[in-house]
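Note sheet for the following structure.
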Amino acid sequence: IERTFSIIKPDAVRRNLIGNILAVFEKNGLRPVALKKIKMTRAQAEGFYAVHKERPFYGELVESMMSGPVVVQVLEGENAILKNREVMGATNPANAAEGTIRKLYAVSVGENSVHGSDAPETAKEEIKFFFTDDEIVG
Ligand code: GTP
Ligand code: MG
């Protein structure tokens, strides 16, 4: 069993899609073992996306993650990291497969409704960025 980190982004929270998105996770064997609704500070948004600091869209990305509340979660399941990437669909919703969260709900590459960790090391780091051990209840 594996754990990954997920964010329901402000564009999706704003459109009342928290429940729909959690339903897709649960239907696909990804169980939330920790979750909370937060409003990211600038320090959190900048720190979380520090890997993209040199990219032209970094400023826009940080602003959009701070634009409203998000739901941060730890998802647990078989091959959770890869499974979550599949369930999310391609970064650009125009390329996302049928049935994926981004195909169903995303508006654009900038407003693509969800984030998911891309590898075991990043999953571990991202979980630690937002959760303490005692907040995770398997
Ligand atoms: P995450 O799960 O959010 O990490 O998405 P990803 O791994 O599919 O994409 P990537 O890590 O390459 O980019 C991180 C986030 O930056 C994406 O989810 C997008 O929201 C945003 N992003 C990527 N490319 C662009 C772009 O060209 N323009 C804008 N505005 N945002 C972008
Ligand atoms: Mg990424």
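Indexing begins at 1, ligand by ligand and atom by atom, following the structure's order. Bear in mind that the values here come from a model prediction, so they are computed numbers and not experimental data.
Proximity of R102 to ligand 1, defined as any heavy-atom pair under 4.0 Å, is confined to the side chain (atoms from C-beta onward). Of the heavy atoms in E126, none comes closer than 4.0 Å to ligand 1. Looking at E60 against ligand 1, only its side chain comes within 4.0 Å, counting heavy atoms. Under 4.0 angstrom from ligand 1, the non-hydrogen atoms of H52 all belong to its side chain.
Among all protein heavy atoms, the one lying closest to atom 19 (C) of ligand 1 is V109 O, 3.2 Å. Protein heavy atom closest to atom 18 (O) of ligand 1, with residue, atom name and distance, is N112 ND2, 2.9 Å. Among protein heavy atoms, the minimum distance from atom 15 (C) of ligand 1 is reached at L61 CD1, 3.9 Å. Here the protein heavy atom with the shortest distance to atom 1 (P) of ligand 1 is H115 ND1, 3.2 Å.
Contact detail for R3 and I127: the closest heavy-atom pair is CB-CD1, 4.1 Å.
Within the 4.0 Å heavy-atom shell around ligand 1 one does not find E111.
Cluster membership for F5 and V33, using ILVMFWY side-chain heavy atoms within less than 4.5 angstrom, is shared.
Taking every heavy atom of R85 and a limit of under 4.0 angstrom, the matching atoms of ligand 1 come to 2 (O), 6 (P), 7 (O), 8 (O).
Taking distance alone, with nitrogen or oxygen atoms compared against 3.5 Å, F57 stays at or beyond that limit from ligand 1.
With V62 as the fixed residue, the side chain to side chain contact (heavy atoms under 4.5 Å, CB included) test singles out one of Q44, M40, E46: E46.
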